[in-house]
Amino acid sequence: MFDKKTYEPQEFEEKIYKEWEEKKYFSAKIDKNKKPFCIIMPPPNVTSQAHIGHALDMTYQDILTRFKRMQGYSALWLPGADHAALATEHKLVEKLAKEGKTKEGIGREEFDKEAWAWYNFYGNRIMTQFKTLGFSADWDRYRFTMDEKSTKAVLEAFIKLYNKGLIYRGTRQTHWCIHCKSVISDDEVVYSDEKGGMWHIKYPFADGSGHIVVATTRPETLFGDTAVAVNPRDKRYKNIVGKMLKLPLTDREIPVIADDYVECEFGTGMVKITPAHDPNDYEVGKRHNLELISVIDKEGKMTSASGKDFVGLSLLEARAKVEEELKKQGLLEKVEPYTHSVGHCERCKTAIEPMITEQWFVKMDELVKPAIKVVKDGELKIHPKRFDKNYFHWLENIQDWCISRQIWTGHRIPIYYCDKCKHIMAAKSMPEKCEKCGHTHLTQDSDVLDTWFSSALWPFSTLGWPDKTEELEYFYPTNVLVTGYDILTQWATKMVYMGFECAGKTPFRNCLIHGLVRDEIGRKMSKSLGNGVDPLEVSEKYGADALRIALIKDMALGLDSRFSMTKVDNARAFINKIWNASKFISLHSQDVDILPINKTKKETKDKWILTKLSNIIKTVTNNLEKFDVGMALSNIYNFAWNEFCDWYIELCKPAIYKGGEDKQNTVSILAYVFDNILKVLHPFIPFVTEYIYKNLKPLENNAESIMISSFPTTFSVSSYKEEFAMQDKVVEAIKLIRNAKNEAKIASNVKSDVYYGDIESLGSNASEIEKLALVNLTSEKGDGKVVYSPLGEFVLLDEKKDKEELIKELEAEIKRVQFEVDRSEKMLSNPRFVEKAPASLVETEKNKLEVNQKTLLNLNSKLNSLK
RNA sequence: GGGAGUUUAGCUCAGCUGGGAGAGCAUCUGCCUUACAAGCAGGCGGUCGUAGGUUCGAGCCCUACAAUUCCCACCA
C-alpha cells in the first residue's frame, strides 16, 4: 500500500469521496443526545464556476464542520445555491441573443423554463466542483433560492412585512440601468473615475440684464432644469437670488434659489438643478418644491420634455447636439476636460442613470434595531471583533431597501392590483376577486424581488421556515456564518434583521470574517487581469488537500492573503512528508504485534513526544474553537513535521533497529502518536488522512473511517515532567554538537569522536546522541572544541586546538554567560521589578541567575588553569 | 469628506492578557544517512514605519506623523 515513493492524490481522492457519500457520512441527523452544530453554506451564484474565493470560504466551513463532527456533535453543513437574479438574467439574455431570440419574443413562461434549465445545470456543476475539493456538506439537503420551499418562505416573509407596514411602494430617485432596464440598489452601483468634460453654460437673465454661468458635466440634462442654485452665504450672488433665468434651448424660465448644498468654491459657485436626474438635485428640489421634469426615459433616450429637436436622441447624441446649439447661440462659454466619478451597473458596466421611478421598499429604521442590539450585547460575535464597527456603521446609516427589480429572473412580487378600482393586495397567489370592490380581474405586479430578499431568509428558509420543523427547532440559530469581509454588510446584516423579524432569533451566533485571496503580487484576481487561479486545476494536479493547506495555512482572520504556487508546493511537500512517515511505520510494523498504548513501556523519548502531543491537541482545539483555523493548521503542521518526523522518528530508530521488545514498544507508541496526528489533521486534509488511516496496518482496528472517528483529546502527562525536561536537554545538546561539527567544517556524513565525562548517566540517550549528531562518545579525555550544553560539556576531539584558541573560545563563552548574569542581576536589583512583576517571573529569573553564576565560576576556574 | 486595516529578515507572513524577536521561501555551507533530494543537518540575515508618551519592562497600550490598502459617502 505504501510502496510508492511519493504520494499521488489522483489515485484515491475521487474514490474516497464516493465512499463517504455512499455511506452517508455527511448527512446530519436530529439527535437529541448530541449537541447540534450547524453552518449554512453561503449560496454561490448559479452563474459562477467554483473559484479560489469559494475554495477558501468553503474550506473554512469544511474544516469547522469536520472538526465538530469528530467531536461528537451532530454537524450539519447545509449547501445551496443562489439564483442571482440580475447576473443570471444578464447571461440568459446573452444566451438568447446568440440563438437569435429575445426574452420579450419568447415570453415570460418560456423564459422561466430557460431559467430553470440554467439553474439546474449550473447549480449542479458548481456543487460537483465543490465535491472534488472534499467538502462534507449534506448534499441531500441541497437547497436553491428559487425552489419551492424558498419561494414559500419569500411569500410568507413579504406578506408578513407588508401587513406590518414594513413594505411600501414609493416614488423615489433611484439608480436605473438603461441596459438591464431595471432599477438597481445602491449596493449594485460601482463607481469609477471617468474622463469627461465640464461645460460652462451661460444662462441669461429673463429681464435681459446679462447672464450667469453654470458648470455641468451633463449638459443634455439642462432640459430638466427647474432652478439654478447658489449658496445663501455666497456674497457674490446675494442680490440675484429670486431673479428669473431664461433656460437655454427652451422657452422656460427658472428661478435662482439659495441652498446650502452648493459649495461656493466649486465651479462657478452656481449649480443647475435637475431634480429628476440627480440625487442631490432631487433633495434640493424637495426642499424648494421644484417641479420634476424627466427628460431621459428608461431606454436612455431623450423624452418629449426635451423638445421636438431632441426627443428620441440617445444621451450622447443629445449631448453633442446641445453643445452645437449652445455654441450657435453663443451660450457656451467653454468646455474643460474633467475627470469625475461615474456610477456603473455592477453587472453590465453600463453607466447608471439617476431616475425617478416607482418602486417597492422595505422600511429599515425599526427592522435594524434588534440586529444592532444583538451584536452590542455580544450574543452574535463577529470574528475578528474589529468588524463590529463596519457592521454598526452600515446599519446605523441604512436607507430603505429597494426590493423591486424590472426583470424576469427571480421571485415575482406577490402584489395584485384590481383592474377596476386599482386596489392593492398582497397574497400568496392570485386572489379570486378584489377584496374591496369584488371585481374578478386582477393583475400581478410585473416586477421581481431583489435576489438578496431570498438570500436574507437563507439561514432559516433552508431549515424549513415558515413551517415549524424539527430542523429549525434543533439547528437554529446556527453556529457560525463564514464569509468574506466584502459581503459582511451587504448580506450578513440582511440575514440578521430578517432572522429576528421572521424567525424571532439571530440566524447565527458567530460570524467568521476572512479576507480575499489575492494573486502572488497582491492584486485582486480578476478576469480582465487574467491572474485568476482555478482551484480545480490546482486540485487536479496537486490534490485537493494541498490546495486546502495552501489556502488556509498562516492565514490570519480577516486579512487578505496572497496565493502562490510556492505555497502549493510547500503544502504538497508536507503531505508527502506525512505520506513517508506512513511508509516508515508501515515498513517497521510488518512483523510487530501492536500494543495498546496503556500496555506499552515508555522511555524518555516516548514520554517527551506524548507530552508534546497532548499539548498540541490542546492548542489546536483551542484555536479551532476560536475559529483561528489558519493558526490551528500551523500548529499541527509544525508539530507533525518538526517534532514528530524530524525528531521523534529519528529518536525511535535505535530502538527499532534493535528489535525485540524495544521495537515492539517503540512502534506501538509511534503508531499511536501518528494515529492522533492523522485525526487532528483530518479536518484540514481529509483525503490523504483517510487513505492512510484505512491502509496503514497498525491502525487497522480503528473505526471504519477517520471521518467518524473521535477528535483526539488531551491526556494527563504530569508524571512525564522529568523525562520531558531530560529529552529537551538531549535535543538541545544534539543541536549544539551538530552546530559545532558544522563550524569545524566536518562533513555531516563523517563520524567524530566526542568526549563526554559521564556517558553512563545518559543511559539510552547516549545512543540517540551518537546517532543523531553522528558522533562516537568516549570517556577518554582529549583536546578539542568544547561544546557547552545543558547536559554539560562535550569535546569535539577531531578538531585539535592550540591553547590560544581554546582560551579564545572559553572567553567567548564566559562573555555570553556573563551577559546573562548581568541581565538577571540588573532586573533583580530593580526593587520595582521584584515588587511588581509576577512572582513566577521573578522566580525563574532568580533560578537562571543561580545556574549561570555557577557556570561562570566553573568556566573561570577552567580559564585560570589554562593560563 | 467619514471610517477601518496594514507597516516585523531580501520576499510572503506569524507573534497570546505587555515579561529575552519567529516560521516558510530565497540565499550560503555540508550531506543521495535503508520513510522522504518533493529530503536531512547547519549558517547568514531584524533600531519591529517615524517621533514622542505610559510602564520596573513596549513589536504589543496611548498621541502625533508618514506610507499603503480597503469600505462608506460622493465630487454641479
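The model shown is predicted, which means the values in this text are computed figures rather than measured ones. Below, chains carry the letters A, B, ... as their sequence lines are ordered, and counting in each starts from 1.
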Side chain of A:Asn749 - closest among B:C32, B:A35, B:C75: B:C32

Closest-nucleotide ordering on RNA chain B, the 5'-leading residue of A:Asp646 and A:Asn638: A:Asn638

Earlier contact from the 5' end, RNA chain B, for A:His340 and A:Leu841: A:Leu841

Step-by-step side chain to side chain contact (heavy atoms under 4.5 Å, CB included) determination, A:Ile212 to A:Tyr237: CA-CA 10 Å; A:Ile212 57 149; A:Tyr237 304 129; 5.7 Å; no

Base B:C36 paired with A:Lys583 side chain (donor-acceptor, <3.5 Å): no

Base partner of B:U63, which must satisfy Watson-Crick or wobble distances under 3.5 Å: B:A51

Check: B:A35 base within 3.5 Å donor-acceptor of A:Glu650 side chain: yes

Check: A:Glu843 and A:Asn847 side chains under 4.5 Å, non-hydrogen atoms: yes

Side-chain donor/acceptor contact of A:Arg386 with base of B:G5 under 3.5 Å: no

Residue A:Asn739, side-chain atoms from C-beta onward, closest of B:C70, B:G42, B:G5: B:G42

Touch class at under 4.0 angstrom, heavy-atom based, for A:Ala229 against every strand present: nothing

Sugar-phosphate, base or nothing in reach of A:Lys389, heavy atoms under 4.0 Å: sugar-phosphate

Touch class at under 4.0 angstrom, heavy-atom based, for A:Ala215 against every strand present: base

